[in-house]
Structures are given as C-alpha cells and as structure tokens.
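Structure record follows, encoded as structure tokens.
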Amino acid sequence: MGKSAKSLLVVVIVTIIALVFAHFAGAGSVELFGTSAFFLCAVIALLVNWIAFIPSATAQTDKFYDSIGAVTYLSVTATACYAAYNAAGSLDMRAMVVAVMVAIWCVRLGTFLYARIHAAGGNDSRFEKIRVNPPRFLVAWTLQALWVIFTASAALAIITSTARVPLDVFFWVGAAIWLLGIVFETVADRQKSAFKDDASNKGKFINVGLWAWCRHPNYFGEITLWFGILVIAVPILSGLSWLVVISPVFVFLLLTKISGINLQDAQAKERWGDDPGYQAYRANTPALFPRPPKG
C-alpha cells in the first residue's frame with residue numbers, strides 16, 4: 001500500500017472513530033432533523049475541516065488551520081444550541097453558560113494562535129512537510145475535527161442533553177475550575193508573548209511570572225478548564241453519555257504525550273540543554289502542575 005493510500009485509510013479510520021464516538025456519547029442528546037444533535041455536531045466538525053482543506057491544499061498553506069479549528073468549535077456549539085432550543089423552546093442556564101465558556105475560550109485562543117502564526121510569517125513548522133502532500137494534509141484536517149469532537153464532548157453533552165438540572169454544586173465548582181483554567185492559560189500566553197517581544201530576551205528561555213511556577217502553565221490552564229466543564233456536566237450524564245469523560249483526559253494526553261510538553265521540552269533541550277540556568281530551572285520547576293518557585 002502506497003503512502004497516499006495509507007493516509008486516506010487513516011482519514012477513513014479517524015472519521016469512523018469520530019462518528020461512532022458521537023453516536024454513543026450522544027445517547028442522551030436531543031434530536032435535530034430526526035438525528036442525534038450530538039452526532040450532527042460531529043458531522044459538521046468533519047465537514048468544516050474537509051471544506052477548509054480544499055483551498056488550503058490547493059494553495060499549500062496552513063495559514064488558516066488554527067483559525068478553522070476555532071470556527072469548528074463555534075460551529076458545533078452553535079449547532080448544539082440551536083438543536084436544544086429547537087427541541088425545548090429554550091436553553092437552560094447550565095447549557096447557556098457552558099456555550100459562552102466555550103465561545104470565550106475559542107475566540108481567545110483562536111485569535112492568539114492566528115496572531116502567533118501571522119507573526120511567524122503565516123506558516124507553521126509542524127506542517128512544513130505535509131502541506132505539500134494532499135493525502136497527508138487531509139489527515140491533519142481530519143484529526144483537527146476529531147480533536148474538536150473529543151475535546152468539546154462534555155460541553156456538547158451539556159448543551160444537547162434532554163435532561164435539565166437546576167444549577168447545583170457541580171455547576172459552581174466546575175465553573176470555578178474553568179475560571180482558574182482560562183485565567184491561567186490567558187495570563188501565561190500573554191506573559192510569554194511579552195517576553196518574546198522584548199528584544200533583550202532574544203535567545204533566552206522564559207522563567208518569569210507563571211512560568212516560574214511550572215514550565216507549561218498554558219497547558220495546565222487548558223487541561224484545567226476542560227476538566228471544569230466535565231464537572232459541570234456530571235449531573236446530566238448517564239449511561240453511554242459518560243463517554244464524554246474523554247474530554248479532559250484527551251486534552252491531558254494530547255498536551256503531555258503527543259504534541260505538547262514532549263515536543264517543546266525536546267526543543268528546549270536542544271537550545272538550552274548546556275545552559276546551567278536552564279538546567280537549574282528544569283530541575284526546580286515542575287513540568288505541568290504549578291507550585292510556588294523555590295527561594
């Protein structure tokens with residue numbers, strides 16, 4: 001089997017995983033057009049990315065990859081809200097708040113990532129080799145859809161659920177956890193941007209602000225906020241809908257084992273591995289879970 005055929009097979013497998021997961025995780029979902037709204041959200045996530053893939057592959061550019069990720073989150077959230085409103089004539093408070101939470105996170109992160117890529121010249125080094133190969137590039141776009149489906153699953157379960165539960169301790173605890181996460185992520189990103197914009201820091205590693213508390217505070221914030229949404233979802237989960245527990249678990253594994261900490265730590269070692277200051281920073285600063293800096 002050739003490389004292109006293998007890539008297309010991966011696309012098929014990822015698509016099946018996404019749709020099967022959405023079918024079962026959406027067991028408690030309201031219906032839209034006679035189909036589970038949760039399942040339709042998964043279909044829309046795939047379609048948005050496949051449609052965006054066409055002009056991107058033609059131009060061999062990944063300039064809008066992260067932006068389309070944000071568009072995908074907004075699209076599935078809007079679809080979920082419409083389905084819930086269409087089924088019950090209104091959205092309950094839990095669903096409305098979670099929809100706003102996802103939108104705030106999405107717009108903030110999407111804008112930040114777009115600005116970062118634009119500042120780097122419009123290209124992401126992750127796609128340097130695959131954007132010129134349409135089948136491999138299609139894999140990346142399909143995986144982005146799967147990322148949205150898994151990550152947003154707890155939020156989609158809340159919004160599309162046929163069960164409506166008054167605001168309770170799970171809501172308030174989850175909301176507090178989400179707030180901690182979004183603040184941590186936002187502040188960490190701004191601190192790193194400011195550090196990089198300072199010419200006197202050229203060639204240096206960041207070890208100030210939240211980055212003195214852990215080496216990847218933005219990732220801690222990301223994992224935390226999705227865990228908060230899962231906590232909010234607990235009262236409406238039952239049966240197969242508990243599959244959405246994958247949301248923060250997936251984010252954790254993605255950022256610690258696949259495309260986050262492991263890759264960035266490897267790059268940091270290449271740049272500063274022989275620097276005694278970096279060695280001390282690495283030895284005294286936790287990778288993910290923050291703690292006050294020593295001394």
Taking Arg136's backbone N and O only, do any of them form a donor-acceptor pair with Asn133's side chain (distance below 3.5 Å, no angle check)? yes

Can you find a heavy atom in the side chain of Lys257 that is under 4.5 Å from one in the side chain of Asn262? no

Can you tell me how far CD1 of Ile158 sits from CE of Met101, rounded to the nearest 0.5 angstrom? 8.5 Å

Any side-chain donor-acceptor pair under 3.5 Å between Glu185 and Asn218? no

Let me confirm one number: the CG-CD distance from Asn284 to Gln279, rounded to the nearest 0.5 Å. 11.5 Å

Write down the atom of Ala140, the atom of Ile130, and the distance for their closest heavy-atom approach. CB-CD1, 3.9 Å

Among pairs that include at least one residue of residues 187-197, which meet salt bridge (Lys or Arg N to Asp or Glu O under 4.0 Å), considering only residues two or more places apart or in two chains? Arg108-Asp189

Identify the two heavy atoms, one from Val132 and one from Gln60, that lie closest to each other, and give their separation to 0.1 Å. CG1-OE1, 3.6 Å

Linked, directly or transitively: Ile68 and Leu47 (ILVMFWY side chains, under 4.5 Å): yes

Suppose clustering is done on Ile, Leu, Val, Met, Phe, Trp and Tyr with side-chain heavy atoms closer than 4.5 Å. Which residues sit in the same group as Leu263? none

Begin with the C-alpha distance, continue with both residues' side-chain angles, and end with the deciding distance and a verdict on side-chain contact (heavy atoms from CB on, under 4.5 Å) for Ile232 and Phe170. CA-CA 5 Å; Ile232 295 174; Phe170 286 103; over 6 Å; no

Residue pairs, two or more places apart or on separate chains, that pass ring pair (Phe, Tyr, Trp, His ring centres under 6.0 Å) and touch residues 214-253: Trp105-Trp226, Phe150-Phe250, Phe184-Phe220, His216-Tyr219

Counting C-beta onward and ignoring hydrogens, is there a side-chain heavy-atom pair between Ile223 and Leu288 closer than 4.5 Å? yes

Let me have the donor-acceptor pairs involving side chains of residues 268-276, under 3.5 Å, with sequence neighbours excluded, atom names and distances please.
residue, atom, partner, partner atom, Å
Trp272, NE1, Gly203, O, 2.9
Asp275, OD1, Gly277, N, 2.7

Can you see which heavy atom on Pro290 is nearest to which on Cys214, and at what distance? CA-CB, 3.9 Å

What pairs of residues pass the salt bridge (Lys or Arg N to Asp or Glu O under 4.0 Å) test when at least one of them lies in residues 146-173, not counting sequence neighbours? Arg94-Asp168

Can you pull out every salt bridge (Lys or Arg N to Asp or Glu O under 4.0 Å) where at least one residue sits in residues 221-247? Sequence neighbours excluded, please. none

Roughly how far, to the nearest 0.5 Å, is the CD1 atom of Ile177 from the CD1 atom of Ile229? 11.0 Å

Given the rule in the side-chain contact (heavy atoms from CB on, under 4.5 Å) test, do Trp213 and Phe289 qualify, once you have shown the distances and angles that lead to the verdict? CA-CA 8 Å; Trp213 288 62; Phe289 296 100; over 6 Å; no

Check: Phe21 and Leu146 side chains under 4.5 Å, non-hydrogen atoms: no

Please round to the nearest 0.5 Å and tell me the distance separating atom CG of Leu156 and atom OG of Ser247. 9.0 Å

If Ile, Leu, Val, Met, Phe, Trp and Tyr residues are connected whenever their side-chain heavy atoms lie under 4.5 Å apart, and connections chain through other members, are Val107 and Leu109 in the same group? no

Quick one: ring-ring contact (aromatic ring centres under 6.0 Å, His included) partners of Phe195, sequence neighbours excluded? none

side-chain hydrogen bond (donor to acceptor under 3.5 Å, both in side chains) partners for Thr142, two or more places apart: Trp50

To the nearest 0.5 Å, tell me how far Ile44 CD1 sits from Thr72 OG1. 10.5 Å

So do the side chains of Trp211 and Phe205 get within less than 4.5 Å of each other, counting heavy atoms only? no

Identify, with sequence neighbours excluded, every residue that meets side-chain hydrogen bond (donor to acceptor under 3.5 Å, both in side chains) alongside Ser200. Asp198

When you look at Asn49 and Leu143, which way does the side-chain contact (heavy atoms from CB on, under 4.5 Å) test go after all the steps? CA-CA 9 Å; Asn49 281 274; Leu143 285 172; over 6 Å; no

Side-chain heavy atoms under 4.5 angstrom apart, residues restricted to Ile, Leu, Val, Met, Phe, Trp, Tyr: same cluster for Val231 and Val244? yes

Can you run down the salt bridge (Lys or Arg N to Asp or Glu O under 4.0 Å) pairs that involve residues 207-219, sequence neighbours left out, and say none if there aren't any? Arg215-Asp265

Please check: side-chain N/O of Ser36 versus main-chain N/O of Ser29, any donor-acceptor pairing under 3.5 Å? no

Is there a side-chain contact between Leu179 and Ile182, using heavy atoms and a 4.5 Å cut-off? yes

Go through Leu19 and Ile16 one step at a time and tell me if the side-chain contact (heavy atoms from CB on, under 4.5 Å) criterion holds. CA-CA 5 Å; Leu19 295 179; Ile16 291 173; over 6 Å; no

Hydrophobic clustering (ILVMFWY, side-chain heavy atoms < 4.5 Å, transitive) - are Ile206 and Leu255 grouped together? no

Quick one about Asn207 and Thr285 (side-chain donor to acceptor, distance below 3.5 Å, no hydrogens or angles considered), yes or no? no

Do you reckon Tyr281 sits in the same ILVMFWY cluster as Ile261, going by side-chain contacts under 4.5 Å, direct or chained? no

Just wondering, do Phe137 and Ser56 contact through their side chains at under 4.5 Å, heavy atoms? yes

Of all heavy-atom pairs between Val30 and Ser161, which one has the smallest distance, and what is that distance? CG1-O, 4.1 Å

Taking the side chain as everything from C-beta on, heavy atoms only, tell me whether Gln191 gets closer than 4.5 Å to Leu210. yes

Closest non-hydrogen atom pair between Ala52 and Trp141, with its separation: CB-CZ3, 3.6 Å

How would you list, by chain and number, every residue that makes a side-chain hydrogen bond (donor to acceptor under 3.5 Å, both in side chains) with Tyr278, sequence neighbours excluded? Arg282

Polar side-chain atom of Glu31 near backbone of Ala37 as donor-acceptor pair, under 3.5 Å: no

Looking at every non-hydrogen atom in both residues, tell me the closest pair between Ser241 and Ile236 and how far apart they are. OG-O, 4.4 Å

Output for pair (Ser153 OG, Leu243 CG), nearest 0.5 Å, gives 8.5 Å

Please list, one pair per line, the donor and acceptor atoms closer than 3.5 Å that link side chains of residues 73-82 to other protein atoms, with sequence neighbours excluded.
residue, atom, partner, partner atom, Å
Ser75, OG, Val71, O, 2.8
Thr77, OG1, Tyr73, O, 2.7
Thr79, OG1, Ser75, O, 2.8

